[in-house]
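Computed from a predicted structure; not experimentally measured.
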Amino acid sequence: VLNRFSKKQFQPSDLITLRQWLTQFYHKSPPDIRDCITRTLLADLLRERDIRTVFSDWEKLPLLRQALQTALAQKSRFF
């Protein structure tokens, strides 16, 4: 995803579709899968400011807000 994003092969609508799918998948997943999503996929995606903006609506819901905060903390440990 980041490779295509950095090469401008992603449209904003692609990121919104990804966010919508990931939101549903995250809500339906058990805690261990949520943790994996948060610490790998989200931490990697959120390196890009434009992608963080697409996920900003996650701040409105406690479960998703916690995932964002954890991913951002994870991201800062490596970058």
Side-chain angles (χ1 to χ4, degrees):
V1 171
L2 287 176
N3 188 30
R4 289 186 63 202
F5 181 78
S6 66
K7 292 179 181 178
K8 308 290 187 213
Q9 295 174 333
F10 257 93
Q11 301 298 318
S13 61
D14 295 328
L15 292 174
I16 292 169
T17 300
L18 174 64
R19 185 202 65 218
Q20 291 169 337
W21 177 84
L22 195 53
T23 299
Q24 292 176 359
F25 185 69
Y26 193 88
H27 276 292
K28 294 177 182 179
S29 296
D32 57 333
I33 299 299
R34 288 179 184 170
D35 187 55
C36 183
I37 292 167
T38 300
R39 295 180 187 279
T40 57
L41 182 62
L42 279 178
D44 199 32
L45 287 174
L46 297 177
R47 290 188 302 169
E48 296 289 336
R49 184 179 333 156
D50 292 338
I51 294 177
R52 284 195 306 269
T53 301
V54 171
F55 280 84
S56 65
D57 69 327
W58 279 31
E59 289 287 344
K60 299 174 186 172
L61 299 169
L63 179 65
L64 299 176
R65 182 179 331 117
Q66 181 61 40
L68 277 181
Q69 292 170 349
T70 301
L72 289 170
Q74 188 75 20
K75 175 188 79 77
S76 67
R77 294 174 69 197
F78 296 107
F79 303 102

**Item:** Short side-chain donor-acceptor distance under 3.5 Å, T70 and Q66
**Value:** yes

**Prompt:** Any donor and acceptor pair, going by atom type alone, linking the side chain of S56 with main-chain N or O of R52 inside 3.5 Å?
**Reply:** no

**Interatomic distance, T23 atom OG1 to L63 atom CG [nearest 0.5 angstrom]** = 10.0 Å

**Contact summary for R65 and E59, nearest pair of heavy atoms** = NE-O, 2.7 Å

**Asked** Do the side chain of R19 and the main chain of F55 share a donor and acceptor less than 3.5 angstrom apart?
**Response** no

**Request:** Indicate the atoms forming the closest heavy-atom contact of T38 with A67, along with that distance.
**Result:** CG2-O, 3.3 Å

**Prompt:** Looking only at heavy atoms, which two atoms of R34 and H27 are closest? And how far apart?
**Reply:** NH2-O, 2.9 Å

**Asked** From L45 CG over to L18 CG, what is the distance, rounded to the nearest 0.5 angstrom?
**Response** 6.5 Å

**Request:** Might you work through the side chain to side chain contact (heavy atoms under 4.5 Å, CB included) test for L42 and L22, ending with a clear yes or no?
**Result:** CA-CA 10 Å; L42 279 178; L22 195 53; 4.0 Å; yes

**Rounded distance [0.5 Å steps], CG in L41 versus CG in L46** = 8.5 Å

